[in-house]
Amino acid sequence: METFQISFNDVDEAESNLLAQDLENTLEAVLPEGAVTRKKRNSKTQDFGGTLVLVLGTPVAIIAAKAIHEFLVRNSGASIEISKDGDIVARNLASADAAKIAEALARKS
């Protein structure tokens, strides 16, 4: 199992929370239960969190990548960053970057 974090580029906390909720719903519809959780950027705020944490095995990484791509198509202008173990593996991904999303989620430690 690999753990990834997805955050949103160039948006404030309120917008990040809305986008995270939408992406979380999209991913929960296709991924196993417990594979997606939300994390706060700032522990002192009362929001639900604008960063998503994904725990994925290789077989579902492609399913997750397709769902993320569909989310980005629906939310044109949204841009994400994917990190793993604190290292950024992909930055400024938008709907045109389907292959890069899949590549980022398929990376092994």
Side-chain angles (χ1 to χ4, degrees):
M1 297 296 249
E2 304 286 337
T3 302
F4 299 90
Q5 287 192 19
I6 298 177
S7 55
F8 298 90
N9 299 321
D10 304 323
V11 295
D12 62 23
E13 274 189 54
E15 182 69 14
S16 180
N17 282 311
L18 291 173
L19 291 169
Q21 179 66 54
D22 187 2
L23 181 54
E24 180 181 32
N25 291 340
T26 300
L27 290 167
E28 285 180 337
V30 297
L31 296 178
E33 187 174 330
V36 182
T37 56
R38 285 176 70 180
K39 176 181 165 185
K40 292 182 178 190
R41 284 191 209 177
N42 181 348
S43 63
K44 296 180 182 187
T45 62
Q46 292 185 353
D47 63 346
F48 289 104
T51 298
L52 295 180
V53 178
L54 306 180
V55 179
L56 306 173
T58 303
V60 296
I62 298 302
I63 294 168
K66 288 179 182 178
I68 293 167
H69 176 257
E70 290 171 10
F71 162 81
L72 289 169
V73 167
R74 261 194 341 268
N75 292 277
S76 67
S79 175
I80 63 169
E81 177 177 286
I82 300 173
S83 60
K84 180 179 172 198
D85 301 324
D87 295 323
I88 297 169
V89 294
R91 182 179 298 206
N92 297 324
L93 297 175
S95 61
D97 298 316
K100 289 180 184 176
I101 295 166
E103 180 183 319
L105 295 179
R107 288 200 177 170
K108 295 287 181 198
S109 297

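Predicted model, so just to flag it, every value in this text is computed and none were measured.
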query = Are Val30 and Leu23 in one and the same hydrophobic cluster, where Ile, Leu, Val, Met, Phe, Trp and Tyr link if side-chain heavy atoms are under 4.5 Å apart?
reply =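 Both belong to a single hydrophobic cluster.
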**Prompt:** Out of curiosity, does Val55 fall in the hydrophobic cluster containing Ile6 (side-chain heavy atoms, cut-off under 4.5 Å, transitive links)?
**Reply:**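 Result: no, two separate clusters.
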Q: Would you please test Val53 and Val36 for side-chain contact (heavy atoms from CB on, under 4.5 Å) and show each step?
A: CA-CA 6 Å; Val53 178; Val36 182; over 6 Å; no
Taking the side chain as every heavy atom from C-beta outward, state whether [X] and [Y] have any atom pair closer than 4.5 Å.
X     : Y     : value
Arg38 : Asn17 : yes
Leu19 : Phe71 : yes
Asp85 : Thr3  : no
Glu15 : Leu18 : yes

Write down the atom of [X], the atom of [Y], and the distance for their closest heavy-atom approach.
X      : Y     : value
Thr51  : Ser7  : OG1-CB, 3.9 Å
Ala102 : Ile62 : CB-CD1, 4.2 Å
Ile82  : Phe4  : CG2-CD2, 3.9 Å

Do any side-chain atoms of residues 86-98 form donor-acceptor pairs under 3.5 angstrom with protein atoms, and if so which ones, sequence neighbours left out?
{"unit_1": "Asn92", "atom_1": "OD1", "unit_2": "Asn9", "atom_2": "ND2", "d": "3.0"}
{"unit_1": "Asp97", "atom_1": "OD2", "unit_2": "Ala94", "atom_2": "N", "d": "2.9"}

So does Asp22 get a backbone contact from the side chain of Thr26, meaning a donor-acceptor N/O pair under 3.5 Å?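 Yes.
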Rounded to the nearest 0.5 Å, what separates atom [atom1] in [X] from atom [atom2] in [Y]?
X     : Y      : atom1 : atom2 : value
Ile80 : Ser16  : CD1   : OG    : 11.5 Å
Ile63 : Leu27  : CD1   : CG    : 11.0 Å
Lys84 : Leu105 : NZ    : CG    : 10.0 Å

Exercise for review: Decide yes or no on side-chain hydrogen bond (donor to acceptor under 3.5 Å, both in side chains) for Gln21 and Asn25, but give the supporting numbers first.
Suggested key: CA-CA 6 Å; Gln21 179 66 54; Asn25 291 340; 3.0 Å; yes
- Message: side-chain contact (heavy atoms from CB on, under 4.5 Å) for Leu56 and Leu31? Distances and angles first, verdict last.
- Response: CA-CA 9 Å; Leu56 306 173; Leu31 296 178; 4.0 Å; yes
